[in-house]
Amino acid sequence: MLKSPPVTTMGSSLALKGIGDGLLVTVPDGDWHVVWPSLLQAIDERADFFRGARLVLQVADRDLGAAELGGLRDELQEREVALAAILSSSAGTRSAGANLGLALEIPRPELGEDGEREPVRFELEGDQAVLIERTLRSGQKVRHPGHVVVLGDVNPGAEVIAGGNVVVWGKLRGVVHAGATGNERSVVCALDLTPTQLRIGSHISVSPERKGNPRPEKAYVKDGNLVAEAWKTS
Amino acid sequence: MGAKVVTVTSGKGGVGKTTTTANIAAALAAAGHRVVCIDADIGLRNLDLVMGLENRIVYDLVDVVEGRCKLRQAMIKDKRVPNLYLIPAAQTRDKTAISPEDMIEVTAQLRRDNDWILIDSPAGIEGGFRNALAPADIVLIVTNPEVSAVRDADRIIGLVEAEEKDPPKLILNRVKPDMVRRGEMLKAEDVLEVLAIELIGVVPEDEQVLTASNRGTPLALDGRSRAGRAFQAIARRLMGEQVPLEEFAAEDGFLRRLSRKVRTGGQPA
């Protein structure tokens, strides 16, 4: 089991966990008018990761009206983030959420006996991979909580975001993020590994100018640094 | 069987879509085919200017769609080439004035009596582009040998593929062989490596294109300019002829190399 630590890449922290194909955000305590903007800021700082995501908000016993929830949903929508569900023990919040058509539970329930959410699981088994049998072109994006295998190229402007490993049987030129939910042991492999930007977990790197012919490479985190090395068959 | 609908698009603006549409249309018509051009850039019409027909516009595409005139009434006959017609865009409306279904309906009516319907798509990836793409049998993507234009072309190719159309064909416009030779411009190989679609033509940069566009006389009607010959060659390839690129650029080592990359395929079914 892999834990997803709070994402703290750029200042504002955010309690974030992956659930199925969505993301669970726990809204911290405090004045809503302070908490909400800082949450939006935290999302903005990770716009790439959140874009296209389905969000489940855990607001505990906070009492939110339809106007607040609606405004929140609209602000998320502007960021291409879908508000899928709102988790709250407040009757007012639940009824406002229901009126807006939001789910009031995690879409695929993972509730324990006492109503506590169980720790999020990311058991990255072999069958939790998605196979993409075409070239990903500019503007196309794949997000998957497990592994991603692309039979084709990942062109500049395309993006692959995976909770696990990314394998590209072709040229990897776009942006790739492996271990996007915090697994720093993820790897990225490609026949030609020259991504615009390569991320594993919280590590970010850009490709150096390539010398010589393309060769299959594997990128991973070694001693806290992103390294790429030639694929060895041994 | 009827006409083939060819949509000319690019994603990025200013790469030469309208000029390309006008020139290929003129070349097809000059070869004796019956051709109708449709300017799908509602609100920013230009094709009439490039074809030199602005002063003949009475009705436009939106008038047809909204039933204010018969299709026939909106078709402006070209003043030089017989069998070439233009359906202009409305200048005072925007892309929401027509829908993809409207475009399919209008082209369905035109297919019977024509050989080619060329649609000049607006730039971008929104409604106007969707309108222009909807009826297409063949999609031609115009790009320039520069990184931003290629990136946008790639985006468009992805959208065309998502519509389950045949893979689009590429026109590389405004190539400057001198700059390519000096390594200062993307090579066709570089562009094709990313886009990985069939190259149907390479058009060299040619100052005469601008003067011709301003005068409203498509260059392809006059075989003396290099760009005009390149557009003619594209038209012939669309008609199913095998036209090697050497024909118009034999003096050019770069273009000769590149011509190996061109598969001059026949007319798609």
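A note on names: the letters A, B, ... follow the listed sequences, proteins ahead of strands, and every chain is numbered from 1.
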Participant: Between the side chains of B:K176 and B:E184, is the shortest nitrogen-to-carboxylate-oxygen separation below 4.0 Å, so that they form an ion pair?
Facilitator: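 Result for this pair is no, no salt bridge flagged.
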
Participant: What's the shortest heavy-atom distance between A:V206 and A:T196, and which atoms?
Facilitator: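 Closest pair (atom of A:V206, atom of A:T196, distance): CG1-O, 3.7 Å.
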
Participant: Report the option among B:I156, B:L195, B:I125, B:D152 that has the most heavy-atom pairs separated by less than 4.5 Å from atoms of chain A.
Facilitator: B:L195

Participant: Decide yes or no on side chain to side chain contact (heavy atoms under 4.5 Å, CB included) for B:L238 and B:W116, but give the supporting numbers first.
Facilitator: CA-CA 10 Å; B:L238 279 174; B:W116 299 93; 4.0 Å; yes

Participant: With a 4.5 angstrom heavy-atom cut-off, which part of B:E193 approaches chain A: side chain, backbone, both or neither?
Facilitator: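 Answer is both: backbone and side chain atoms of B:E193 are under 4.5 Å from chain A.
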
Participant: Is B:R151 salt-bridged to B:D154, cutoff N-O under 4.0 Å?
Facilitator: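 B:D154 and B:R151: not salt-bridged.
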
Participant: Please state whether the side chain, the backbone, both or neither of A:R173 comes within less than 4.5 Å of a heavy atom of chain B.
Facilitator: side chain

